[in-house]
Amino acid sequence: MTKIGFIGLGNMGGPMAANLAKAGFAVTATDLSIGAVDRAVEAGCARGATVADTVKEADIVVTMLPAGAHVRSVYTESYGVIANAKSGALFIDSSTIDVDSARAVIAAASEKGFSMVDAPVSGGVAAATAGTLTFMVGGEADAFERSKPALEKMGKNIFHAGAAGNGQVAKICNNMLLGISMIATCEAFNLAGKLGLDAQTFFDISSTASGQCWSMTSYCPAPGPVPNAPSNRDYQPGFAAAMMLKDMRLAQEAAHKAKAATPLGAQSEAIYALMEAAGKDGLDFSGVMKLINGEL
Ligand code: NAD
């Protein structure tokens with residue numbers, strides 16, 4: 001039986017580890033939070049007392065951590081994954097982190113003879129629980145193939161995005177596009193309303209015309225046209241503006257380093273930062289509608 005060491009049992013990692021255990025993997029799980037480990041044990045995982053204890057017998061190590069600094073620490077420090085994993089283990093980092101950290105950690109693993117992929121996800125807690133995440137995977141082709149049996153138990157769509165770090169590139173570029181398109185959609189619905197065109201009529205026209213986009217047709221930020229969109233429950237997430245802001249900041253950091261012009265990405269980051277400054281970044285990111293129409 002394949003043994004998996006799982007580190008980071010938060011909102012996403014908890015249900016992901018549970019799905020691996022449910023699928024029959026022997027999962028040992030750890031987190032800084034004892035409560036999170038208790039829940040994983042209830043879901044069928046074995047308790048990992050430390051990171052070293054969690055990875056020492058694992059064939060595959062999966063990490064789901066907040067940011068690049070946590071991933072660098074958990075992999076490269078003496079208490080961590082690289083120093084304590086058994087030879088031949090495969091590492092999968094599913095955290096959303098900066099491209100440089102992803103590439104640096106994969107290089108450090110590779111230097112010690114380990115295969116590793118970056119495999120960030122699209123889809124929130126509901127998709128993590130249902131096992132329907134989308135994984136964007138960067139790394140060598142053979143490491144990608146080895147990661148698939150585990151990823152398939154946590155997700156529905158598994159894409160190989162190319163070399164190490166490219167999973168993170170796909171993730172932040174997609175979310176930068178989403179973040180921009182949501183603000184543009186809010187502006188259009190707000191302007192239409194101010195000019196006397198109601199949201200449903202504008203939706204009916206624009207969703208079949210050239211302004212159509214996912215932010216409109218699947219997640220309309222104006223209440224009414226898309227019944228299950230967060231706009232119909234006073235913008236309760238969903239996907240919190242704070243998380244969108246994290247991804248927009250990662251995109252800008254990468255854009256600066258790559259000298260890529262992303263003027264709309266920069267402006268959009270600044271707009272989500274206004275939601276943070278207003279203390280409203282716990283709202284869904286489509287709640288940017290409230291900022292645009294002057295309600296925040
Ligand atoms: P979270 O904060 O709920 O969970 C992170 C967990 O990591 C926490 O339980 C924390 O205690 C643990 N942790 C931190 N440092 C640790 C260490 N040194 N050792 C062991 N455990 C440690 O975050 P989340 O919402 O589960 O998100 C995880 C990652 O997934 C983030 O990178 C996030 O951007 C990304 N993501 C989240 C969502 C979402 O909807 N929540 C969607 C897509 C991607």
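One-based numbering, in listed order, for ligands and for the atoms of each. Computed from heavy atoms alone, side chains included, the values below leave out hydrogens, waters and symmetry copies.
Close approach to L65 involves these atoms of ligand 1, each under 4.0 Å from a residue heavy atom: 7 (O), 13 (N), 14 (C), 15 (N), 16 (C), 21 (N), 22 (C), 28 (C), 29 (C), 31 (C), 32 (O). Per-residue contacts place G124 under 4.0 angstrom from the following atoms of ligand 1 (heavy atoms of the residue considered): 40 (O). Taking every non-hydrogen atom of I7 and a distance limit under 4.0 Å, the qualifying atoms of ligand 1 come out as 20 (C). Below 4.0 Å from some heavy atom of V74 lie the following atoms of ligand 1, by number and element: 17 (C), 18 (N). Every atom of ligand 1 is numbered from 1 in the order shown, and the set under 4.0 Å from a heavy atom of G123 is 42 (C), 43 (C). Near K246, the atoms of ligand 1 lying under 4.0 angstrom from a non-hydrogen atom of the residue are 31 (C), 32 (O), 33 (C), 34 (O). Near G8, the atoms of ligand 1 lying under 4.0 angstrom from a non-hydrogen atom of the residue are 7 (O). Of all atoms in ligand 1, numbered sequentially from 1 with element shown, those under 4.0 Å from a heavy atom of P66 are 5 (C), 7 (O), 14 (C), 31 (C), 32 (O).
Scanning all protein heavy atoms for the shortest distance to atom 30 (O) of ligand 1 gives M64 CE, 3.1 Å. Nearest non-hydrogen protein atom to atom 27 (O) of ligand 1 is M12 CG, 3.9 Å. The shortest contact between atom 3 (O) of ligand 1 and any protein heavy atom is with N11 N, 2.9 Å. Atom 4 (O) of ligand 1 has its closest protein heavy atom at G10 CA, 3.2 Å. Here the protein heavy atom with the shortest distance to atom 17 (C) of ligand 1 is L32 CG, 3.6 Å.
The N/O atoms of V51, backbone and side chain alike, include none that comes under 3.5 Å of an N/O atom in ligand 1. Close N/O approach between T96 and ligand 1 is found [any backbone or side-chain N/O within under 3.5 Å]. Residue D31 places at least one N or O, backbone or side chain, under 3.5 Å from an N or O of ligand 1.
With a 4.0 Å heavy-atom cut-off, ligand 1 is reached by no atom of M16.
The backbone N or O of G224 lies less than 3.5 Å from a partner atom in the side chain of N232, making a donor-acceptor pair. Of the possible polar contacts, none joining the S206 side chain to the F203 backbone as a donor-acceptor pair under 3.5 Å is found.
Salt-bridge check for D93 with R72: failed, with every basic side-chain N at 4.0 Å or more from each acidic carboxylate O. E253 and K257 are joined by a salt bridge, as a carboxylate oxygen and a charged side-chain nitrogen come within less than 4.0 angstrom of each other.
Counting only N and O atoms by type, the side chains of E295 and N293 include a donor and acceptor under 3.5 Å apart. A side-chain N or O of Y219 and one of D284 form a donor-acceptor pair less than 3.5 Å apart.
Using a 30° and 60° split on the angle between ring planes, F239 and F285 fall in the perpendicular class, above 60°.
The closest approach between S73 and ligand 1 stays at or above 4.0 Å for every heavy atom of the residue.
Q168 CD to M136 CE: the interatomic distance, rounded to the nearest 0.5 Å, is 8.5 Å.
For atom 23 (O) of ligand 1, the nearest protein heavy atom lies 4.0 Å away or farther.
For E145, the CD atom counts as densely surrounded, since its 6.0 Å shell holds more than 12 non-hydrogen atoms of other residues, nucleotides or ligands.
Of the residues L178, L291, I271, the one that meets the side chain to side chain contact (heavy atoms under 4.5 Å, CB included) test with I183 is I271. The salt bridge (Lys or Arg N to Asp or Glu O under 4.0 Å) test with R47 is passed by exactly one of D38, D53, D31: D38.
Applying the side-chain contact (heavy atoms from CB on, under 4.5 Å) criterion to S231, with sequence neighbours excluded, gives P223, A229, Y235.
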